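Encoded as structure tokens, the structure appears first; notes follow it.
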Amino acid sequence: MSEIKLFRAVVYQALLDATKHEQDPEKQEAISWFVSSADFEDVCDLADLDPFSTKRRALVVISEPTSVNDFIRKRLNVLLKQQTSTQYS
């Protein structure tokens, strides 16, 4: 798996964690990572993503109602499976 795909999977997983239904420490930690983590920009650079745009879009998604987030979570799961399945092909 390429390094870019690996770090994009990190961003996707963080967004999945940040949009969980439950209020748990993992959800709050993921939201904090998008908002104020020192390594967020490094991960975006390694994922070949613009940190500013990625953060802006992530915060929009996080603030969406649960019904919208359910669709987004399904799509993110598909993307994660695509990213990780190419590792073994």
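Because the structure is predicted, anything quoted here is derived from the model rather than measured.
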Problem - Between OH on residue Tyr12 and CG on residue Asp17, distance to nearest 0.5 Å - result: 15.0 Å

Handout entry: Rounded distance (nearest 0.5 Å) linking atom CZ of Phe7 with atom CG of Leu49
Key = 11.5 Å

Practice task
With sequence neighbours left out, write down each residue that passes side chain to side chain donor-acceptor pair (under 3.5 Å) with Glu29, or none if nothing qualifies.
Solution key: none

Problem - For Glu41, all residues meeting side chain to side chain contact (heavy atoms under 4.5 Å, CB included), sequence neighbours excluded - result: Pro51

Practice task
Work out which heavy atom in Ile62 is nearest to a heavy atom in Ala18; give both atom names and the distance.
Solution key: CD1-CB, 3.7 Å

Problem - Thr19 side-chain N/O to Leu16 backbone N/O, donor-acceptor pair under 3.5 Å - result: yes

Exercise for the section: Can you measure from NZ (Lys20) to CD1 (Ile31) and round to the nearest 0.5 angstrom? Expected result: 11.0 Å

Completion exercise
So OG of Ser32 and NZ of Lys27: to nearest 0.5 Å the spacing works out to 12.0 Å

Handout entry: Test item: Val43 and Leu46 side chains (from C-beta on) under 4.5 Å apart, heavy atoms
Key = no

Handout entry: Rounded distance [0.5 Å steps], CG in Asp50 versus CZ in Arg57
Key = 8.0 Å

Completion exercise
Correct closest heavy-atom pair for Val11 and Trp33 would be CG2-CH2, 4.1 Å

Problem - Phe40 vs Val35 side-chain heavy atoms within contact, under 4.5 Å - result: no

Practice task
Go through the structure and list residues passing side chain to side chain donor-acceptor pair (under 3.5 Å) with Glu64, not counting sequence neighbours.
Solution key: none

